[in-house]
Amino acid sequence: MAPRAQPLPLQRIIFLSVSVVLCLQVGWWIRLQIRDSGRLLEARTQALRAGRAQAWQMDSMKLLTILHTQPDPSSRDGAVEGRVPAMPSLAERRQMIQAAYPQVELVPRPMAPDDPLMLDGAAFLTLRPAPLKELEDERWHAVFRASTEGAFMVFAVLFGFVLLYRKLSEELDLKLRQRNFTSAVTHELKTPIASLRVWTETLFTRELVPDQRQRIRGLMEKDLERLNELVGNLLDVARAESGSLVLHLAPLELGPWLAGVCEGMDHRLGPGALGLKLECSSDPLWVDADPKALSTVVENLLSNAYKYASEPRQTTVTLDGDGEDVLLVVSDQGHGISAKDLPRVFHRFFRVGDEMTRQVAGTGLGLFLVKEIVTRHGGEVRVSSRGPGFGSAFTIRLPRRAVPEAS
Ligand code: ADP
């Protein structure tokens, strides 16, 4: 038997491994970017410092040159006063330095530990804060850009992966459900056919008293009913899928119609077997509906309330108005549905549990059909359950219509 549709652990392992490798790769790439931008910053800071050193050198050379051309006070003839260049003022030296090295500034106190003192001790040479800050900002900008690009890359690739993974899981899930469906349908067809064969042989080969014949007839009718229901469901599903499920909508008063459907199902499933309680509003509730299709809906829900509950069953069907709508609720005290399965029960071929543990026969098409038909009536169907063992409730909401004039 095929196991219940689950994403393969192998897929998960591959997905997780690829995600981890990708994250590491991008992390490594971000680290490289940060390191490179750090190196670039360092190189550019060094260049600025070199400029400061050159400024110091230029100023010192100038001073030394002037000092060396000063007349020697011990020499008698000495240099001619007018030819000796005058010692520049600090303001002139500042102007000269800044013209050649705009990033360098003259300050009375050192701003950084390695700021050099000018040769004559007049001031310190320091780097202006603006270019340094600019470099620092540039670096953080580069780090930020690398990080966001990396994060975006990881996000984009992982997002693609998740989509692919989900698509693959869905495909796999549908395939497995289809496989389960085929074996379930085969089983559903074989069982009543085998039973009918036995009863036919018994009828034709044995002497039976009228009571026995009557009982066998009842059992054969049930088998035929089961086959009829299955084939009907299969046909309706095929029609719904191909878009050829035609509904003949006409005004329908739900109260009396529902009582009739419930009575019919109670009779079919064995009088009293459902423990059915019908609570209908005393208001006349009318909708536009196809009575045959809507019967299929209620019959499927009641059939499930029977199949997925143990004796003694307690099934309640309520019908009430809710503003512009009509609410029809079928609830039971049966096996219930876990929160994780609730969103999937209306999916085609979905059945709770796996083939090994399932006790109840079914095809996983009933609720799919219920949803299709209700939706085609302009309504909606919801399921709720407080979990396994606490029963389930299916709520159908249909648009209410005014009471037709003739009635
Ligand atoms: P089927 O009954 O043929 O398996 P359905 O489409 O009618 O298919 O139901 C899908 C699944 O939903 C069922 O297999 C069952 O596990 C779960 N389910 C439906 N109705 C009930 C209910 N009343 N109580 C508990 N489980 C239910």
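Just so you know, ligand 1 is whichever comes first in the structure, and atom 1 is the first atom listed for that ligand.
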With a 4.0 Å cut-off on heavy atoms, is Leu365 in contact with ligand 1? yes
Need the ligand 1 atom indices (1-based, order shown) with element for anything under 4.0 Å from a heavy-atom of Thr363. 1 (P), 3 (O), 4 (O)
Using distance alone, determine whether Phe368 and ligand 1 share an N or O pair under 3.5 Å. no
Heavy-atom distances under 4.0 Å decide this one: backbone, side chain, both or neither, for Val360 against ligand 1? neither
Close approach of His335 to ligand 1, heavy atoms, under 4.0 angstrom: no
For Ser195 and Asp223, does a side-chain donor sit closer than 3.5 Å to a side-chain acceptor? yes
Do NZ/NE/NH1/NH2 and the carboxylate oxygens of Asp325 and Arg400 come within less than 4.0 Å? no
Which option wins on minimum heavy-atom distance to atom 5 (P) of ligand 1: Val370, Val345, Leu342, Leu367? Leu367
Is Asp137 paired with Lys133 through a side-chain N to carboxylate O contact shorter than 4.0 Å? yes
Judged by non-hydrogen atoms, does Gly334 sit under 4.0 Å from ligand 1? no
Gln25 versus Trp29, side-chain donor and acceptor atoms under 3.5 Å: no
Compute the minimum heavy-atom distance from Phe394 to ligand 1 and say whether it is under 4.0 Å. yes
Of the side chain and backbone of Phe350, name the one, both, or neither that has a heavy atom under 4.0 Å from an atom of ligand 1. backbone
Are Arg49 and Asp114 close enough for a salt bridge, meaning some N to O gap below 4.0 Å? yes
Any carboxylate oxygen within less than 4.0 angstrom of a Lys/Arg side-chain nitrogen, looking at Asp36 and Arg139? no
Salt bridge flag under 4.0 Å for residues Arg239 and Glu241: no
With a 4.0 Å heavy-atom cut-off (strictly under), which part of Ile337 contacts ligand 1: side chain, backbone, both or neither? side chain
Can you tell whether the side chains of Arg44 and Glu138 come within less than 4.0 Å, N to carboxylate O? yes
Go through ligand 1 atom by atom and flag the ones less than 4.0 Å from a non-hydrogen atom of Lys307. 1 (P), 2 (O), 3 (O)
